[in-house]
Amino acid sequence: MRIATWNVNSLKIRLPRVEEWLAYAEPDVLCMQETKLADSAFPAMAFQTLGYEAVYCGQGQWNGVAILSRVGLKDVVAGFSDQADDEVVEARLLWATCGGVRVGSVYVPNGRSVGSEHYEAKLVWLARLRRHIESSYDPNEPLIVCGDYNVAPTDDDAWDPSKLHGATHVSPPEREAVGALLDWGLVDTFRTLRPETGIYSWWDYRAGDFHEGRGLRIDLALATKPLAERATFALIDRNARKGKQPSDHAPMVIDFDP
DNA sequence: ATGGTAGCGCTGCTA
């Protein structure tokens, strides 16, 4: 079973590249983030043609998450478990069961700059995610929470830790918030299979960061141990960050034994 | 180098 995650940065603009990549990589499940589409505009038909069912949680202009699956799509839930019906929340969280695995597609708030109100909101969001997972799931069941965490878990996940000191995505509180997910029982599947440094999933569009190798590994696939132990292969597809109109993120693939 | 680019949507925001 191949599970993938990709922050597509506008599915409207990226649809041709996503279609091309699905045909090439053939994931069984693809979690997407930053679709930037209202649900009424989601191109479900295009994915159906390629053999994928789709669920999506969008809000238009910003955010938006989705899950594609060709191994079933059941028990779909959007948002947090403690969300009130009248609470206005951004479209950043979606769950579904695909081929016996509980899958989450998450788009963690960016945080903008350390100490800003957006940064504080990011930490609150991550703590709420931890509570949601803790109250809804069991570390002994097959669960994978994929997406753009906007956190590089360790210095090995950043191009130059010394230049990033004090910056967002690498601060200790953000890393502790991701660490709390690992403490509950999730495993960073990519890092387990790929211990080498210098592998990133996001590069700023500006200043030629991609070609200069200035990236961060902020797209993660965190799985419970019973599932993580079945992981056999992990790849971040840098080729999908090249060429015409790429997303600023590359897709990541994890393969699991049955 | 306190810059730079992309997307949304039409002015300046978000990333």
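Nothing here was measured: the structure is a model prediction, and the numbers come from that model. So you know, we letter chains A, B, ... as the sequences are listed, proteins then strands, and number each from 1.
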Nucleotide N/O of nucleotides 8-13 of chain B paired with protein N/O under 3.5 Å:
| residue | atom | partner | partner atom | Å |
| --- | --- | --- | --- | --- |
| B:dC8 | OP1 | A:Ser10 | OG | 2.4 |

Determine whether a donor-acceptor pair (N or O, by modelled atom type, separation under 3.5 Å) exists between the side chain of A:Ser113 and the backbone of A:Ser116.
no
Locate the shortest heavy-atom distance separating A:Gly213 from A:Trp159; write the atom from each residue and the value.
O-CB, 3.5 Å
To the nearest angstrom, the NE2-P distance between A:His249 and B:dA15 comes to 11 Å
Nearest-angstrom distance from the residue atom CZ of A:Arg92 to P of B:dA15
6 Å
Would you classify A:Phe210 as touching base, sugar-phosphate or nothing, given that sugar-phosphate means primed atoms plus P, OP1 and OP2, and contacts are heavy atoms under 4.0 Å?
nothing
Per the under-4.0 Å heavy-atom filter, residues of residues 172-181 of chain A near DNA chain B come out as none
Assuming nearest nucleotide by heavy-atom distance, tell me which of A:Ala207 and A:Glu34 is located more 5' along DNA chain B.
A:Ala207
In whole angstrom, what separates A:Lys163's NZ from B:dT2's C1'?
15 Å
Quick one: list whatever passes salt bridge (Lys or Arg N to Asp or Glu O under 4.0 Å) with A:Glu19, sequence neighbours left out.
none
Let me check something: any side-chain donor-acceptor pairs from residues 38-54 of chain A under 3.5 Å, sequence neighbours excluded? List them with distances.
| residue | atom | partner | partner atom | Å |
| --- | --- | --- | --- | --- |
| A:Asp39 | OD1 | A:Gly58 | N | 2.8 |
| A:Thr49 | OG1 | A:Met45 | O | 2.9 |
| A:Tyr52 | OH | A:Pro27 | O | 2.5 |

Residues at least two apart in sequence or cross-chain that pass ring-ring contact (aromatic ring centres under 6.0 Å, His included) with A:Trp125, listed by chain then number, are A:Phe80
What's the OH-C1' distance between A:Tyr205 and B:dG3, to the nearest Å?
19 Å
B:dT14 P sits how many Å from A:Asp248 CG, rounded?
17 Å
Going by the rule side-chain hydrogen bond (donor to acceptor under 3.5 Å, both in side chains), which residues pair with A:Glu176 if we only count those two or more places apart in sequence or in a different chain?
none
Checking all strands, does A:Arg214 fall into the base, sugar-phosphate, or nothing category for heavy-atom contacts under 4.0 angstrom?
nothing
Rounded distance in Å between the C1' positions of B:dG9 and B:dT14
13 Å
Without decimals, in angstroms, what is the distance between A:Arg241 CZ and B:dA15 C1'?
13 Å
Give a yes/no on whether any side-chain N or O of A:Arg14 is located under 4.0 angstrom from OP1 or OP2 of B:dG7.
yes
Only counting residues at least two apart or in another chain, list the ones meeting ring-ring contact (aromatic ring centres under 6.0 Å, His included) with A:Tyr137.
A:Trp95
Rounding to an integer number of angstrom, what distance separates B:dA1 and B:dT5 when you compare their C1' atoms?
16 Å
Just how far is it from atom CZ of A:Phe190 to atom CE of A:Met252, taken to the nearest 0.5 Å?
7.0 Å
With rounding to the closest Å, how many angstrom separate the C1' atoms on B:dG7 and B:dT11?
14 Å
Would you list the pairs meeting side chain to side chain donor-acceptor pair (under 3.5 Å) in which at least one residue belongs to residues 73-83 of chain A, sequence neighbours left out?
A:Asp82-A:Arg128
Using the ring-ring contact (aromatic ring centres under 6.0 Å, His included) criterion, which residues pair with A:Trp203? Sequence neighbours excluded.
A:Phe210
Quick one: A:His211 NE2 to B:dA6 C1', roughly how many Å, whole number?
14 Å
On a whole-Å scale, what distance lies between the C1' atoms belonging to B:dA15 and B:dG3?
16 Å
Between CG of A:Asp209 and P of B:dA1 the distance, given in whole Å, is 16 Å
